[in-house]
**Student:** 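Next up is a structure, given as structure tokens.
First listed ligand is number 1; within each ligand, the first listed atom is number 1.
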Amino acid sequence: MEVQHSFLLRYIYYRKTMQSGLWLVWFCGFFLIGVSLYSTQMLLPSSFKNHIKKPSFFRNDLADSSNPTITIFTAPRPFVGLVGERQVLAIQSWLSLPENVNIVLFSQDSSAISFADEFGSRVSLEPNIDFTFLGTPFFHTMVARSLASSSDISVLIDPDTILLPDFISTLEYAYKLDQDWLLVASSQTISHFPFLLDSNKKHWIADDGKHIGIHKLQELLAQNSHLKPCEDRMLMAWNNGDVPLHYGVLPPFLYGKGLHNHWILTEALSSDFRLVLDASWTISNFYINDLDQENNLLIEGFNVSNFEKRSWEIIGNSHLGRLYGSISLREENYSNLFRFLECGGNYLLVNTSKNIVYSLGYKRSLSLRKKGISLSSIEEEILDCVNVVKSLDRIKGCSVKDQLELLTSISLPLSLETLLSNRANQNKTIVLAIAGYSYKDMLMSWVCRLRHLQLENFLVGALDHEIYGFAVLQGLPVFKYANPLTNISFDNCHFGTECFQKVTKVKSRVVLQILKLGYNVLLSDVDVYWFKNPLPFLSSLGPAVLLAQSDEHNITGPINLPRRLNSGFYYAHSDDITIAALEKVVRHAVNSNLSEQPSFYDTLCGEGGSHRLGDDRCFEPETNLTVYFLNRDLFPNGAYQGLWEEINVKEACTTKGCYILHNNWISGRRKKMERQVLSGLWEYDISTRMCLQSWPRTMFTSYF
Ligand SMILES: *[C@@H]1O[C@H](CO)[C@@H](O)[C@H](O)[C@H]1NC(C)=O
Ligand SMILES: *[C@@H]1O[C@H](CO)[C@@H](O)[C@H](O)[C@H]1NC(C)=O
Ligand SMILES: *[C@@H]1O[C@H](CO)[C@@H](O)[C@H](O)[C@H]1NC(C)=O
Ligand SMILES: *[C@@H]1O[C@H](CO)[C@@H](O)[C@H](O)[C@H]1NC(C)=O
Ligand SMILES: *[C@@H]1O[C@H](CO)[C@@H](O)[C@H](O)[C@H]1NC(C)=O
Ligand SMILES: *[C@@H]1O[C@H](CO)[C@@H](O)[C@H](O)[C@H]1NC(C)=O
Ligand SMILES: *[C@@H]1O[C@H](CO)[C@@H](O)[C@H](O)[C@H]1NC(C)=O
Ligand SMILES: *[C@@H]1O[C@H](CO)[C@@H](O)[C@H](O)[C@H]1NC(C)=O
């Protein structure tokens, strides 16, 4: 009895007096019927039977349902300092669970790589999810990766959340359910936890080296842990089933910045696809909370104040939550939530709003009877358990609005200078893309490609407020180009239009500004597909040389003929000569009726090509700038050798040794995108808002 009651000890402190007499009468009657018939299915009232889609609560193949394979997914921060220690302790606690539990770390950090190696085959690394430029993982890609797992049960948990063995017994019970389920358990916080795992990593020991039993630990937790209000910390688990967790698409939430767990919970409840279980009472999970802000700041190692960064990300998540669904945290929204609890060895599902208890552990309750415990004491016991649940709702409401109001006064944009200093590579070079909202998907495909090439030194210049907001939510390093000139509709902003002219003129001005701040710029339009990193090649030519793509379509002949300079892909070195030359270009463009492209050529190569030098260069005599037209086999434009018409564009380009291929010489954004998608040079999944990855994932099928 002692052991079976131990669960209660955790909660007895919270116990309140029974509130509803009616409920008691009803409950007792119900329970008597249930036990006397000794069958789980009989315990279910007909109304509930109608609610669930399958006839039985339990799997038919109960024999196979023991020891389900469990994979725990988590996104650790670097394993350094106190944060690292906390994570190691937590992960050790997971490893102390049986062998059918494996662990996957979402990380690209070298400390995580060596950590995973240390723990052998049970811990593996998954670096191929999406991260923001600040290194924060995207929650929606974590979930998508976890959903692709083949293990029987997937678990998403915070990297410093310690688990006790009741985690396993709860999941094993849940696994016997004959319905797909999603389980959540809120995480408690404790300020002092002076225990470690012993050298076998199986048992918890105290300072004095003495073993400490699980029940003792549970008791301790009950006394000392608490739930922080408005916290989004919970673990989530689901069985590998046929039914999705929720309806709709998970927004690109940033991990650990609040709201994403509640979003899934709320959506799962309102979608009503799966049984949603709150196992906060049966899964002991908690984290040690003695770290201050200072420590967090040091760990993140990024030169943006933590406050600034946090506000950016939290506002982003709140915004997304409102944009893509309602995060309703009110009590009435949880009526579909089953409270899952253990009581004297029995597992119960409780509908707290209707006061119904469903027993799962009928076998154990029978054995209790055999031991001679009277029915009324079981009854008493279950009543106690349920009472505790009723008085202590774990998943609590919290107003999203309050958080938002706190933060709206903080200005969101990071300055261009901050971004440059944090993003430039060791050569002080930045890859720059400038885009408006109508090109958001192409921008993402371009970003995904650069990420794939492990190029992190890119920046996005936003031409309108919409793309700025979009880029913030996608975790891109973005700055606003605040210019009233650009406040025009960009939906039809393609080559030849007035909009196009204005937009392209913005680009040279931004490039000039960045050059003056001391950074080299590789400007790349978002319709340039990158096969490989051109920077080592481009940066080898040194100062006073501007490298630009040639737009010449004639296969033979010079490539520097009048107006053949393409200003959608060029590399400008930050030096006085280049800056002086670009200033001339910008001045010329202001007074021109045309786009900035002719201004580049006419200024640097002379009108009619008067400053041409050989077949592939120009020399601007006033500033002494040399313009190199890039070899078209390596940097082909969209008309060169009909590359876009090849059956296998990728292969054709790779064979030539292309660094890039420009998706130009085609009119209209839609056609452009279509061509790129159909050629397989597309890297972004619009429907799931993620970069295409190596692991299985639903691809978008009918985009056009
Ligand atoms: C952070 O940036 C500021 C300027 O924005 C600079 O003065 C400071 O040295 C930087 N700190 C680190 C650690 O790089
Ligand atoms: C939450 O409950 C309110 C009131 O019952 C309802 O209007 C709203 O749609 C619910 N939200 C969700 C996400 O179910
Ligand atoms: C719990 O009871 C309420 C009230 O009757 C009902 O609306 C809800 O669907 C029930 N929840 C579950 C999970 O059965
Ligand atoms: C920009 O354009 C939008 C709509 O096209 C308009 O509502 C807004 O006032 C404009 N802003 C400025 C600064 O002109
Ligand atoms: C930096 O520039 C040098 C040549 O100046 C080049 O060899 C090197 O590859 C460049 N590094 C990167 C990361 O582009
Ligand atoms: C291509 O260039 C050659 C000279 O190299 C010239 O004879 C020919 O007319 C050009 N073709 C076109 C279509 O301009
Ligand atoms: C710009 O275009 C207008 C007519 O469209 C023309 O009158 C004017 O001369 C042009 N200016 C320049 C600098 O080409
Ligand atoms: C360009 O080069 C010439 C010859 O080397 C030199 O006299 C002149 O000062 C240079 N001009 C600039 C702007 O650097």
Side-chain angles (χ1 to χ4, degrees), residues 133 420-433 449-459 477 512 514-516 518-524 528 530-547 550-566 569-588 601 603-606 608-643 645 657 659-660 665:
F133 79 103
L420 284 169
S421 73
N422 285 293
R423 298 295 288 168
N425 68 8
Q426 71 265 37
N427 287 350
K428 288 192 86 175
T429 300
I430 274 292
V431 179
L432 178 68
R449 184 62 196 164
L450 262 67
R451 280 185 184 154
H452 184 83
L453 295 173
Q454 296 182 336
L455 273 155
E456 290 295 332
N457 58 324
F458 64 87
L459 277 191
L512 180 59
I514 296 175
L515 291 177
K516 285 179 171 171
Y519 297 89
N520 314 312
V521 179
L522 171 54
L523 181 123
S524 172
V528 173
W530 290 39
F531 287 96
K532 55 186 181 187
N533 179 8
L535 280 175
F537 175 83
L538 296 175
S539 52
S540 64
L541 277 108
V545 179
L546 184 122
L547 299 132
S550 166
D551 229 0
E552 178 58 64
H553 52 279
N554 197 344
I555 294 172
T556 56
I559 60 173
N560 59 351
L561 290 175
R563 306 255 166 114
R564 296 299 199 278
L565 188 151
N566 187 302
F569 186 87
Y570 63 91
Y571 175 81
H573 190 270
S574 172
D575 55 63
D576 292 345
I577 289 177
T578 309
I579 289 171
L582 217 72
E583 265 173 345
K584 279 188 79 173
V585 172
V586 168
R587 270 201 306 275
H588 186 277
Y601 191 90
T603 306
L604 303 178
C605 292
S610 54
H611 306 322
R612 280 175 62 204
L613 209 63
D615 284 346
D616 63 353
R617 267 173 296 163
C618 295
F619 183 78
E620 204 288 302
E622 208 179 293
T623 57
N624 290 349
L625 179 83
T626 302
V627 178
Y628 253 111
F629 287 78
L630 291 162
N631 180 336
R632 289 175 301 164
D633 284 334
L634 306 183
F635 298 88
N637 61 59
Y640 183 62
Q641 290 188 347
L643 277 170
E645 279 77 59
Y659 283 95
I660 58 147
W665 289 88

**Student:** Mind checking side-chain hydrogen bond (donor to acceptor under 3.5 Å, both in side chains) for Asn457 and listing every partner two or more places apart, or none if nothing turns up?
**Tutor:** none

**Student:** Please could you name the atoms of ligand 6 that Asn554 approaches to less than 4.0 Å, counting only its heavy atoms?
**Tutor:** 1 (C), 2 (O), 3 (C), 8 (C), 10 (C), 11 (N), 12 (C), 14 (O)

**Student:** Atom NE2 of residue position His452 - does it have more than 12 heavy atoms of other residues, nucleotides or ligands inside 6.0 Å?
**Tutor:** no

**Student:** Under 4.0 Å from any heavy atom of Asn425, which atoms of ligand 5 are there?
**Tutor:** 12 (C), 13 (C), 14 (O)

**Student:** Do Asn427 and ligand 5 have an N or O pair less than 3.5 Å apart?
**Tutor:** yes

**Student:** Find out whether Asp551 and Tyr601 are in side-chain contact, i.e. whether some heavy atom of one side chain is under 4.5 Å from a heavy atom of the other.
**Tutor:** no

**Student:** Tabulating one pair per line, provide the atom names and distances (0.1 Å) for every N/O atom of ligand 8 that is less than 3.5 Å from a protein N/O atom.
**Tutor:**
unit_1, atom_1, unit_2, atom_2, d
ligand 8, 2 (O), Asn624, OD1, 3.4
ligand 8, 2 (O), Asn624, ND2, 2.1
ligand 8, 11 (N), Asn624, ND2, 3.0

**Student:** Does a side-chain heavy-atom distance below 4.5 Å link Lys428 with Leu420?
**Tutor:** no

**Student:** Output, in order, the C-alpha distance, side-chain angles, deciding distance and verdict of ring pair (Phe, Tyr, Trp, His ring centres under 6.0 Å) for Tyr659 and Phe569.
**Tutor:** CA-CA 12 Å; Tyr659 283 95; Phe569 186 87; 9.3 Å; no

**Student:** For Thr626, enumerate each residue passing the side-chain hydrogen bond (donor to acceptor under 3.5 Å, both in side chains) test, keeping only those at least two apart in sequence or located in another chain.
**Tutor:** none

**Student:** Would you please name every residue forming a ring-ring contact (aromatic ring centres under 6.0 Å, His included) with His553, sequence neighbours left out?
**Tutor:** Trp665

**Student:** Quick one: does Val431's side chain get under 4.5 Å of Trp530's, heavy atoms only?
**Tutor:** yes

**Student:** Just which atoms of ligand 6 are under 4.0 Å from any heavy atom in Gly557?
**Tutor:** 5 (O)

